[in-house]
Enquirer: 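Take a look at the following structure, please.
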Protein chains: 2
Amino acid sequence: MSGLTKRQQEILDYMKMAHRETGIMPSTREIQHYFGFASQTAAVGHLRALERKGMIVRLPGKARASVFPEELERAEIIDIPIYGNIAAGMAQDSEQQKDGCLSIDITSLGIPHTARTFALKVRGDSMVNAHVCDGDTVIMEFRDPKRGDIVAALIDGETTLKTYVLKDGKPYLQAENDDYPDLIPARELIIQGVMVALLRAAA
Amino acid sequence: MSGLTKRQQEILDYMKMAHRETGIMPSTREIQHYFGFASQTAAVGHLRALERKGMIVRLPGKARASVFPEELERAEIIDIPIYGNIAAGMAQDSEQQKDGCLSIDITSLGIPHTARTFALKVRGDSMVNAHVCDGDTVIMEFRDPKRGDIVAALIDGETTLKTYVLKDGKPYLQAENDDYPDLIPARELIIQGVMVALLRAAA
DNA sequence: TAACATATTGTTCTTCCGAACACATATTAA
DNA sequence: TTAATATGTGTTCGGAAGAACAATATGTTA
């Protein structure tokens, strides 16, 4: 269906696998030995066929220089650490240890290349009216909040996700759910990040 | 701050840039010439320093075999084509041409490796009660819908995003906004995909 | 000032690796 | 039948590329 023969598909699969495992492309001789070819030329022939069919791009004369076209077209990818959960409702502190990673291209997030970001898993439903749900992953950026931003804030010793509001020049935190009260800081209000994107995976 | 000297940071930046441009890592001699070193050994020394500081991993004896550790740890990344807009409200047909691409690791989406996916930009607010908003990007999978799934459907010649509901064994489409009516198919109901994830970028 | 890490140069050696050529054998389409 | 196309084998060549060794400078720190 894809225009590749069975053998060519096998070679391509091996290259993808090897590239994922090692981070580098196999050389023609590595392909030869993996498939048990008696001659390196066999591998070269398949690479040429794969190039002709657009499955790889080869940079002539250079070593291990096969490239998958989709990787060239791809926008730059950033790896955003996920720092556990954040309460959007109940009292609970956000954990500090890294809990996995989220990799996504920067153009889809619409953030600058330089942005310092992290991610949190939302627990609770105090932000549902802002369409942030329990289980969503919110992507936060380190920066100063503007009014109306959704922020991760440390308020009087607790970390929560709320809307940042100014009243008479004083900031407070607003829940987006009528069942939850607004939070006016008694002492200090530390903004840990501003929400720049949201990812929801199907349950 | 990161423990790298200025020169080492420059080398690392060049390697990242070259890797993004060409898809392959520069060789030690390419690094040498780019920086105008008189000797290739200079580049080798810097690579060794970068390896010692954990910025790259080198596979000994192999050509162009420096790897960025984050790329090794990263889960597999899929490229999801974005097929323009889909109405969630107004009558409007979804365009067919590819309109950019979304690259994200599969574990964050929670979908199987084999899933056939595409993405659509949501227009309209008929799904706000399901917390799908105007401007969101929804990631769809080609598969048969279950009741309650949010689906992209072609109903009587129009494509929309709605909840898939069964009533007396017959499927119809339900808007998640009281201002919009349910859609009962007059003739045919073709499901184009089931929503598996959602991405919202800050405006 | 001595010790040490970092940065740099010059040279040589070996291996890695792509490329090319000649030839063989199926399978498939015109 | 003829002509591609796909899949191989065996061999040779040369450039690409990593590695090692011997020096020299330049800071920075103790």
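These values consider heavy atoms only, across backbone and side chains, with no hydrogens, waters or symmetry-generated copies. Lettering follows sequence order; numbering is per chain, from 1.
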Enquirer: Nearest to the side chain of R58(A) - dA17(D), dA19(C), dT8(C)?
Expert: dA19(C)
Enquirer: Please find the pair of heavy atoms, one from K167(B) and one from Y172(B), that lie closest to each other, and give the distance.
Expert: CB-CE2, 3.5 Å
Enquirer: Within less than 4.0 Å of OP1 or OP2 of dT9(D), is there a side-chain N or O belonging to S39(A)?
Expert: no
Enquirer: Taking only the side-chain heavy atoms of R48(B) (C-beta and beyond), determine which of dA20(D), dA19(C), dC16(C) contains the nearest atom.
Expert: dA20(D)
Enquirer: Base, sugar-phosphate alone, or nothing: which one does A63(A) contact when heavy atoms must sit under 4.0 Å apart?
Expert: sugar-phosphate
Enquirer: Considering only heavy atoms and no angle criterion, is a donor-acceptor pair shorter than 3.5 Å present between the side chain of T41(B) and the base of dA20(D)?
Expert: yes
Enquirer: Identify which nucleotide among dT9(D), dT8(C), dA17(D) has an atom closest to any side-chain atom of R7(B), counting heavy atoms from C-beta outward.
Expert: dT8(C)
Enquirer: Regarding dA19(D), can its base be found pairing with the side chain of Q40(B) as donor and acceptor, where the two atoms are less than 3.5 Å apart?
Expert: yes
Enquirer: Below 4.0 angstrom from OP1 or OP2 of dA6(D), is there any side-chain N or O of K53(A)?
Expert: yes
Enquirer: In this structure, how many angstroms lie between the P atom of dT7(D) and the CD atom of Q32(A), rounded?
Expert: 16 Å
Enquirer: CD of E30(A) versus C1' of dG18(C): gap in Å, rounded?
Expert: 13 Å
Enquirer: Are R52(B) and dT6(C) close enough that a side-chain N or O sits under 4.0 Å from OP1 or OP2?
Expert: yes
Enquirer: Could you state the NZ-P distance from K6(A) to dG8(D), rounded to the nearest angstrom?
Expert: 11 Å
Enquirer: Tell me what R29(B) touches on the nucleic acid: a base, only sugar-phosphate, or nothing, going by heavy atoms under 4.0 Å.
Expert: base
Enquirer: Using a cut-off of less than 4.0 Å, is there contact between a side-chain N or O of H46(A) and OP1 or OP2 of dG8(D)?
Expert: yes
Enquirer: Expressed as a whole number of angstroms, how long is the span from F35(A):CZ to dG8(D):C1'?
Expert: 14 Å
Enquirer: What nucleotide among dT6(C), dG18(C), dA20(C) has an atom nearest to a side-chain atom of T28(A)?
Expert: dG18(C)
Enquirer: Given dT8(C), dT7(D), dA20(D), identify the nucleotide with an atom nearest to the side chain of Q8(A).
Expert: dT7(D)
Enquirer: Which part of the nucleic acid, if any, lies within contact of G61(A), taking any heavy atom under 4.0 Å across all strands shown: a base, the sugar-phosphate backbone alone, or nothing?
Expert: sugar-phosphate
